[in-house]
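All values derive from a computational prediction rather than experimental measurement. Numbering of residues begins at 1 and proceeds along the displayed sequence.
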Amino acid sequence: MPSRPRDDDPTLGELSEGEVLRAILARTARAAHAIVGPGDDAAVIAAPSGSVVATTDTLVQGPDFRLAWSSGYDLGWKSAAVNLADIAAMGARPTALLVALAVPRDLRLSFVERLADGFREACTALAPGCAVVGGDLTVSDVLTVAVTALGDLEGRPPVTRSGARVGDVVAVAGELGHAAHGLAVLFGRFREGETPVAVDPSLLAPGETAALAAQLRPSPPIGLGPFAATAGATAMMDISDGLALDARRMAAASAVTIALDSAALGDNPHRALAGGEDHALLATFPEGIVPSGFRIVGAVVPQGEHDLLVDGAPADATGWDPYRDWDSASG
């Protein structure tokens, strides 16, 4: 959660760009695939397989996070995690991150230092060998973190969302609905009117601490992406917008229908279906080869009138929409 400024903690407006960058780079690790790392005009990253997987995502204060709820460390961790999950969902191993920061002048140096710590430690925990290798820094009235992630397929073909085949089983790795639960706790209990307020841990019920961690500091099963690809996954994607919406996307891309079993979705099937920002992995496999770490939640059936069925009926869950499910308030 947000911390008090240190006595020696200047605002970014009191420092030069070079001083801020040196503070950030002092907290980064070396990427295992980096030939040229931070400090030059551009990084050079090895791609042993001959191809590079790339993705990008942007988190903006207001529609994507609140500083009343997220520390610099939380924001760095989450910004890394959501991009690493997209690389893993292609069956690739993350190799490097490029981070562009647009920061208000009154933001404290310690916040940016902790942001860098979050990036470094998320990479260490979720994708060893991956690290921040460069980026950009500029000034803005709105704090924005834009991340580009790179990955290596290690000789494997990419696993796309369009490869699901009739007869495959549908499986998930990671938790479903916990991030949505955490967001409901934040919006339901830690606001005064429309203004976010800091989380008081003493007010959290059993299970809510883990739910908040899933929302503010997610831990996607990054290593299971390449593992699933090696095992024979026919299709795969990151569940960022809720299982229902993302399963529909996979079904449409593959020209099939996905049939889910609500009994396999945990204690709160509706939240598992509709809640977003889980960053679990959704994959399809030929029957009999589902690897460890994945659990079967349904099957791929011939394309019908509906892309998604739950217990044999059309699903009514709409999925996650940040424009609908977050307001644009600051804080």
Nearest heavy-atom pair of [X] and [Y]: which atoms, and what distance?
{"X": "F65", "Y": "L143", "value": "CZ-O, 3.7 Å"}
{"X": "L176", "Y": "A280", "value": "CD2-CB, 4.2 Å"}
{"X": "D246", "Y": "D238", "value": "OD2-O, 3.6 Å"}
{"X": "V310", "Y": "S262", "value": "CG1-CB, 4.0 Å"}
{"X": "A131", "Y": "A29", "value": "CB-O, 3.3 Å"}
{"X": "A92", "Y": "V53", "value": "CB-CG2, 3.8 Å"}

Taking only residues two or more places apart in sequence, or in another chain, which ones meet A231 in a side chain to side chain contact (heavy atoms under 4.5 Å, CB included)? P291
Donor-acceptor contact below 3.5 Å, side chain [X] vs main chain [Y]:
{"X": "R27", "Y": "A116", "result": "no"}
{"X": "E208", "Y": "A205", "result": "yes"}
{"X": "R165", "Y": "F285", "result": "no"}
{"X": "T257", "Y": "G304", "result": "yes"}
{"X": "D278", "Y": "I239", "result": "no"}
{"X": "W69", "Y": "F190", "result": "yes"}
{"X": "R271", "Y": "A180", "result": "no"}
{"X": "K78", "Y": "P218", "result": "no"}
{"X": "R66", "Y": "P196", "result": "no"}
{"X": "D74", "Y": "S70", "result": "no"}

May I ask you to check whether over 12 heavy atoms, not counting those of [X], lie within 6.0 Å of atom [atom1]?
{"X": "E19", "atom1": "CD", "value": "yes"}
{"X": "D267", "atom1": "CG", "value": "no"}
{"X": "D141", "atom1": "CG", "value": "no"}
{"X": "R105", "atom1": "CZ", "value": "no"}

Any link between [X] and [Y] through a network of hydrophobic side chains (Ile, Leu, Val, Met, Phe, Trp, Tyr) touching at under 4.5 Å?
{"X": "V290", "Y": "L224", "answer": "yes"}
{"X": "V133", "Y": "L126", "answer": "no"}
{"X": "L243", "Y": "V256", "answer": "yes"}
{"X": "L212", "Y": "V197", "answer": "yes"}
{"X": "I87", "Y": "M237", "answer": "no"}

Taking the side chain as C-beta and beyond, is there a heavy-atom pair between [X] and [Y] under 4.5 Å?
{"X": "P226", "Y": "R156", "value": "yes"}
{"X": "R217", "Y": "Y73", "value": "yes"}
{"X": "I258", "Y": "D307", "value": "no"}
{"X": "D57", "Y": "V145", "value": "no"}
{"X": "S79", "Y": "F119", "value": "yes"}
{"X": "I222", "Y": "P94", "value": "yes"}
{"X": "Q303", "Y": "S254", "value": "no"}
{"X": "V169", "Y": "V300", "value": "no"}

Can you tell me how far the [atom1] atom of [X] sits from the [atom2] atom of [Y], to the nearest 0.5 Å?
{"X": "T144", "Y": "L101", "atom1": "OG1", "atom2": "CG", "answer": "9.5 Å"}
{"X": "D168", "Y": "T234", "atom1": "CG", "atom2": "OG1", "answer": "3.5 Å"}
{"X": "W77", "Y": "S219", "atom1": "CH2", "atom2": "OG", "answer": "5.0 Å"}
{"X": "R120", "Y": "L97", "atom1": "CZ", "atom2": "CG", "answer": "13.5 Å"}
{"X": "T230", "Y": "E154", "atom1": "OG1", "atom2": "CD", "answer": "7.5 Å"}
{"X": "L150", "Y": "L98", "atom1": "CG", "atom2": "CG", "answer": "5.5 Å"}

Is a side-chain donor-acceptor pair under 3.5 Å present for T95 with D152?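 Distance-only check fails for D152 and T95.
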Let's go through V147 and T56 carefully: what are the C-alpha distance in whole Å and the side-chain angles of both, what is the deciding distance for side-chain contact (heavy atoms from CB on, under 4.5 Å) to 0.1 Å, and is it a yes or a no? CA-CA 5 Å; V147 181; T56 190; 5.8 Å; no
Please report the C-alpha distance between T11 and D106 in whole Å, then the side-chain angles of each, then the deciding distance to 0.1 Å, and finally whether the side chain to side chain donor-acceptor pair (under 3.5 Å) criterion is met. CA-CA 5 Å; T11 65; D106 60 357; over 6 Å; no
Evaluate the criterion salt bridge (Lys or Arg N to Asp or Glu O under 4.0 Å) for residue pair D241 and R249; output intermediate values, then yes/no. CA-CA 10 Å; D241 296 326; R249 289 168 172 161; 2.7 Å; yes
Pair V199, R189 - check side-chain contact (heavy atoms from CB on, under 4.5 Å), show working. CA-CA 9 Å; V199 173; R189 298 224 302 278; over 6 Å; no
Is there a side-chain contact (heavy atoms from CB on, under 4.5 Å) between V103 and F111 once you walk through the steps? CA-CA 10 Å; V103 295; F111 184 93; over 6 Å; no
For the pair D261 and I296, evaluate side-chain contact (heavy atoms from CB on, under 4.5 Å) and give the outcome as yes or no after the intermediate values. CA-CA 9 Å; D261 177 5; I296 296 174; over 6 Å; no
